[in-house]
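Here the structure is laid out as C-alpha cells; the discussion comes afterwards.
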Amino acid sequence: MDYLKVFITKSRIKSPWLLHFDCGSCNGCDIEVLACLTPVYDIERFGIINVGNPKHADLFLVTGTVNHRNKKVLANLVAQMPDPKVVVALGSCGLTGGVFREAYNVIGGVDKVVPVDVYVPGCPPKPEAIIDGVVTGLEKFARKKDDRP
Amino acid sequence: MKEKVISVTPETVVSQTLDMKKKGYRLVTLSCVELDADTLDILYHFDKDLDLMHLRLTAPKNKAVPSISSVYFASFLVENEIQDQFGIRFEGLVLDYDRTLYLEEEVRDAPCCRIAVSEEEKNKGE
Amino acid sequence: MARTIIPFGPQHPVFPEPLHLKLVLEDEIVKEVVPALGFVHRGLERLVEIRDFHQMIQICERVCGICSTVHAQCYCQGIEELMGVEVPDRAKFLRVIWGEISRIQSHLLWLGLFADAFGFESLFMQCWRIRERIMDINEATGGNRVIVSVNVIGGVRRDLDPDMTRWTLTQLDLVEKEVRQLEKVLLDDYTVRKRTVGKGVLTRDQALELGAAGPTLRGSGVAQDMRQLGYAAYGELSYEPVTAGDGDAYSRNRVRFLETYQAVELVREAISKLPSGEINVKVKGKPEGEVVTRVEQPRGEVMYYIKGNGSKNLDRLRIRTPTFANIPPLLSMLPGMELADVPVITLSIDPCISCTER
C-alpha cells in the first residue's frame, strides 16, 4: 500500500486543485486570482484547476477580511476540504485586516479563524506573487502527512 | 447642500414621498446622520432628469418612523441598513430583516456601530 | 408541485463574491427571491471617526477594487466642493482618462464573467486576455495593476508625459481591434442570444420605479448617465449615453459592450484635448458642511453624501453604490424565470457585493 500512497502524494503535488473564497475582500485580490487563471498567467499549465466544490480541493485561496458573518462560512469550507490541505491567505486584508482592521464588523485576518500556511502580502498581490504563494504552499503540501488510512 | 431640501415630519413623510413619486422622481437612496445622542437626521434623496432633491426628517432615536417601502419598494434595503447601523426602527417595512441584514449577534449591541465607543468599552472591560 | 427553497450561494462557482439568494421555486420556475447580505460587510463608512479626510481616500478606493479610481474621484470631488477647491484643468482631463480606462477594464471583466455564466469559457478567456492590456496601462501609468491610486484632494498625483500617452493610445488601438473581433460573438452568436434574449426583463417603468442605475437602467431604454452632469472634464467631451430598448439580459450585455468602444473614444478625445499646466493644487483648511456628489461608475451611478464639521474627521460619509440600487430590480427580474437562468440574470446587473455592503 505504501507505493500507492507515495504515488498519490506525488500526483497531488503535480496537479493541485484550488478553491477560491472571497471572504469580505474588495474584489481587488479576487480579480487577480482570476487573472492567474486566464491566458496571460495561465496557472492551468501547471495542472492547477479552479474548482467550485470544497470537497474536490487541495489548496484554499482566501482573500479579504473576516467578519462576524462569513467566519462561519470560512470555517465550514475549510472543514469540508479533505486532508491534507493548504490554506493560502492573500492580500493585506487576508493577512491582518488591512486598512479595515478597525472597522466594527471586522475580526481581522484569516488566521483568526482557520490556520494559515502561506501568507501573500500586497494590496492586491500581483499575479506573480499569487503564483509564488501557491508554489510555496505546494512545498508545504509535500511535507504534510496524509492521515487517511 | 446646493440642491433643494424640504423638511418633513414623521406624519408627513409618506404623503410627501407619494407626492414625489407622482411627480416622476426616482428614489436615489436614504442617508442617516447622527445629530446628537438622541436625534437622527434621515435624508431622502430623489432624482429627476439629473436634478436632485432632498427631504429631511429629524427624528428621535427611540421612536419608530414610518417606512416608505410601500411607496418605493426599493427603499427596503436601505431602511434595513439604517435599522442595523443606527438602531432606529421603521414601521411597516415590506421586508423586515429585524436588524440582521448585515450584522450578527456579536456586533448588534454596539451602540450604533460607533468605532470610538466600542473601543472605549473594550478598554473599560480590560 | 410543492414549493422548494433553494439556497443560492454564498460560495457559488458563478460569483467571484459571496452573494446569497434564497430562491422559492415551484418546479423549475422561480416564484420568489429573498436576498441575504452581510458576508462582505466591513462597516467602512464608520472609519471616518478615526481616519482623517485625506486618509479616507485610501479607504474609498478599497470600497471596491474594480472601480476604485472612480470611488476616489467621487470622494475627492465631494470634499473639493465642500472646501471650494478649484481643480486644475489638466487634472480634470487626467481623471477622465483614468476613469474611462477603469471602465474598459471593468466592462471587459464583466463580459468575460457573463460569458462564463452561460458556460462559454473560451469567450471568458478571450475577454480577460484583452483586459490584460488595460492592466498593463494601469501599471505603467498609475504604478499598480488594480488599485490605481491617482486621485488626491485638489487634483491627481501622477502626470502623463507625451511618451506615455502615445504608448497608451497604441495599446488602446490594439484593445479596440481585439474587442471588435469579439463583437460578432457577443452580440450575434446563437448561443449567446439563446441564453440572454428575453431573460430577466425589466421594463422602462419598472426600472425607474425600482431605482435602477447604470447599464441596467440604460438597458431598459432610459438615457440617463451621470456623465451628462459634466463633472470633471466630461462637459468638454462629446458624450451621448448608450441605450438599448428591450430591458433583458441581452440589452444590458449590448449596452456594456458598446460602452467599451465609447470609453476608448473618450480616452482618445481626452488625450487629444489634454491641456498643459498644474496637476494639483494645495489644499488648506478643513471640510465643513453637507454635500451630495454623484459620478458614473462602470456599474452606474454612485452617490456620496459627505458631512464635515470643520475638524479633520468627517461627521458622516455615506456611499450609495450602483449594485445597492440594482438589487431591488434584480428581485423583480427573477420571478417567472427558470432556475438554470438565475446565474445569467444575476450577473446581468453586474453585481459588486463589496460595493453593496461596504
Side-chain angles (χ1 to χ4, degrees), chain A residues 19-42 44 50-54 56 60 62-74 76-77 80 91-93 97-107 122-129, chain C residues 9-20 36-47 49-51 55-56 58-59 61-68 71 105-106 109 112-113 116 124-133 135-136 139 144-147 149 352-355 357-358:
Chain A
L19 174 73
H20 163 233
F21 179 57
D22 170 351
C23 191
S25 125
C26 75
N27 275 342
C29 301
D30 307 298
I31 54 178
E32 291 295 66
V33 170
L34 280 178
C36 288
L37 298 165
T38 49
V40 174
Y41 296 97
D42 194 17
E44 282 191 17
N50 186 23
V51 289
N53 188 336
H56 297 173
F60 189 38
V62 197
T63 57
T65 61
V66 181
N67 72 21
H68 289 284
R69 182 161 290 178
N70 65 28
K71 68 179 179 196
K72 293 159 201 159
V73 184
L74 177 64
N76 197 348
L77 284 171
Q80 282 186 39
S92 312
C93 300
V99 287
F100 305 119
R101 60 191 178 276
E102 288 117 340
Y104 61 82
N105 204 22
V106 171
I107 300 175
C123 187
K126 291 182 68 169
E128 290 92 337
Chain C
Q11 205 268 336
H12 191 281
V14 143
F15 301 137
E17 293 171 278
L19 169 66
H20 184 64
L37 304 171
F39 294 98
V40 197
H41 181 61
R42 291 152 287 183
L44 60 86
E45 289 174 356
R46 284 290 184 161
L47 283 172
E49 291 167 22
I50 45 174
R51 303 284 165 83
Q55 291 170 327
M56 279 309 286
Q58 271 70 43
I59 306 284
E61 273 164 355
R62 284 156 184 83
V63 170
C64 166
I66 306 172
C67 21
S68 69
H71 269 291
Q105 184 262 114
S106 171
L109 174 140
L113 289 178
D116 197 37
F124 163 64
M125 294 291 181
Q126 288 299 336
C127 291
W128 280 64
R129 184 178 59 80
I130 304 170
R131 183 179 162 272
E132 283 296 326
R133 289 196 193 280
M135 305 309 271
D136 288 345
E139 199 173 359
N144 201 351
R145 279 166 54 90
V146 178
I147 301 204
S149 190
C352 176
I353 309 304
S354 67
C355 271
E357 299 173 6
R358 300 168 307 272

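Every chain is numbered from 1, with letters handed out A, B, ... down the list of sequences. Keep in mind it's a predicted model, so treat the numbers as computed, not measured.
For the atom pair CD1 (C:I59) and CD (A:E102), the distance works out to 8.0 Å, reported to the nearest 0.5 Å. From C:F39, atom CZ reaches atom NZ of A:K71 across 13.0 Å, with rounding to the nearest 0.5 Å. Taking CH2 of C:W128 as the start and CD1 of A:I31 as the end, the distance is 6.0 Å to the nearest 0.5 Å. To the nearest 0.5 angstrom, C:R42 atom CZ is 14.5 Å from A:R101 atom CZ.
Ranked by non-hydrogen atom pairs under 4.5 Å with chain C, the options A:G24, A:G98, A:C23 are led by A:G24. No other option in A:C29, A:A35, A:G97 has as many heavy-atom pairs under 4.5 Å with chain C as A:A35. Counting heavy-atom pairs under 4.5 Å between each of C:E45, C:R129, C:R131, C:R62 and chain A puts C:R62 at the top. Of all the listed residues (A:G28, A:C93, A:C26), the one sharing the greatest number of non-hydrogen pairs under 4.5 Å with chain C is A:C26. By number of non-hydrogen pairs under 4.5 angstrom with chain C, the leading residue of A:D30, A:N70, A:N27 is A:N27.
Across all their heavy atoms, A:L37 and C:M125 have their closest contact at O-CE, 3.6 Å. The two atoms that bring A:N67 and C:H41 nearest to each other are ND2-O, 2.8 Å, heavy atoms only. C:I147 and A:P124 make their closest contact through CG1-CD, 4.1 Å (heavy atoms, listed as atom of the first residue, atom of the second, distance). In terms of heavy-atom proximity, C:V40 sits nearest to A:S25 at CG1-O, 3.6 Å. Of all heavy-atom pairs between A:L34 and C:F124, the closest is CD2-CZ, 4.5 Å.
If you measure heavy-atom distances from C:E61 to chain A, you find no contacts under 4.5 Å at all. Using a 4.5 Å cut-off between heavy atoms, C:L37 touches chain A through its backbone atoms (N, CA, C, O) alone.
The shortest side-chain heavy-atom distance between C:M135 and A:E32 falls under the 4.5 Å cut-off.
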